[in-house]
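As the structure lists them, so they are numbered: ligands from 1, and atoms in each ligand from 1.
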Amino acid sequence: MHRFFVSPQAVRDNRVILRGTIVHQIRDVLRMRPGDEIVLLDNSGAAYRAELVTVDRDVVRGRVVDRWKLETEPHARITLYQGLLKGQKFDWVLQKGTELGITAFVPMLSARCIVGNVDDVSDARLERWQRIVVEAAEQAGRAVLPSLSAVMLFKHACESAAARGGLAILPWENERTHGLREALQVVPKSKEIHLFIGPEGGFAEEEVVAAKVAGVAPVSLGPRILRAETAGLAAAAAILFELGDLG
Ligand code: SAH
């Protein structure tokens, strides 16, 4: 069954009114007809099974035939601060990270990023990233859309993580003494976890020092060096598993 995130106003009592891009998706792409059923998600955790009643050019109307609460959000809330990556690697991180259960993504500009300036990330690219998150969340059956923030400088990301509380960790390939599992022994009740991953070239030594000062702890992900697009996903999967959110 096809799932769609919609604004809360789209479902009123048992009536469904859909406008905008979703109409094109339902009518022209999926070629759905009156009588077909879809699942609507209002980003509050509620799911609605709806039967299509009319499918017109600008508006699709339907009626709710079932509603329930989706219990698919992890208890651990991971925010991934990911150094900007080349090509489509960031797309991959967003898509797979959404499937795994990451709660928030922060595209981050750090010293060794290829992109030099926050403004170098175009609106079109941000919009594409947002679409990738929505599609992955629909596909994965997420109850709540992961948030995707604007590009942030490394320094501000550290400050923001510290201000929000929880556990803040920075996987660093040169960390020898502290491992991820050890860091997870002290997960706060809130299960709020801030995860910092570098770009292809990794973090600069000064950044690791600055992170520590801000309260972001370097941890090891083991003896093998993972690519930047692998590291965040591997760490997120390990965290979710360790905290009981992955089966
Ligand atoms: N600077 C390195 C690799 C960077 S890997 C080089 O170019 O050789 C990209 C990011 O993945 C790092 O910034 C780090 O956050 C994470 N990472 C990869 N392997 C890791 C490991 N074994 N332990 C901890 N972090 C790792």
Exceeds 12 heavy-atom contacts within 6.0 angstrom, atom CG of Asp13: no
Parallel, tilted or perpendicular: rings of Phe154 and Phe203 (30°, 60°): tilted
Please list every donor-acceptor pair under 3.5 Å in which a side-chain atom of residues 84-94 meets a protein atom from a residue at least two apart or in another chain.
unit_1 : atom_1 : unit_2 : atom_2 : d
Lys89  : NZ     : Glu200 : OE2    : 3.1
Asp91  : OD1    : Arg128 : NH2    : 3.2
Asp91  : OD1    : Trp129 : NE1    : 3.2
Asp91  : OD2    : Arg128 : NE     : 3.3
Asp91  : OD2    : Arg128 : NH2    : 2.9

Worked check of side-chain hydrogen bond (donor to acceptor under 3.5 Å, both in side chains) between Asp42 and Tyr48: CA-CA 8 Å; Asp42 66 0; Tyr48 306 87; 3.2 Å; yes
Residues, nucleotides or ligands: over 12 heavy atoms within 6.0 Å of Arg181 CZ: no
Donor-acceptor pair, side chain of Asp245 and main chain of His75, under 3.5 angstrom: yes
Pocket residues of ligand 1, ordered first by chain and then by residue number (heavy-atom cut-off under 4.0 Å): Pro171, Trp172, Glu173, Ile197, Gly198, Pro199, Glu200, Gly201, Gly202, Phe203, Val219, Ser220, Leu221, Gly222, Arg224, Ile225, Leu226, Ala228, Ala231
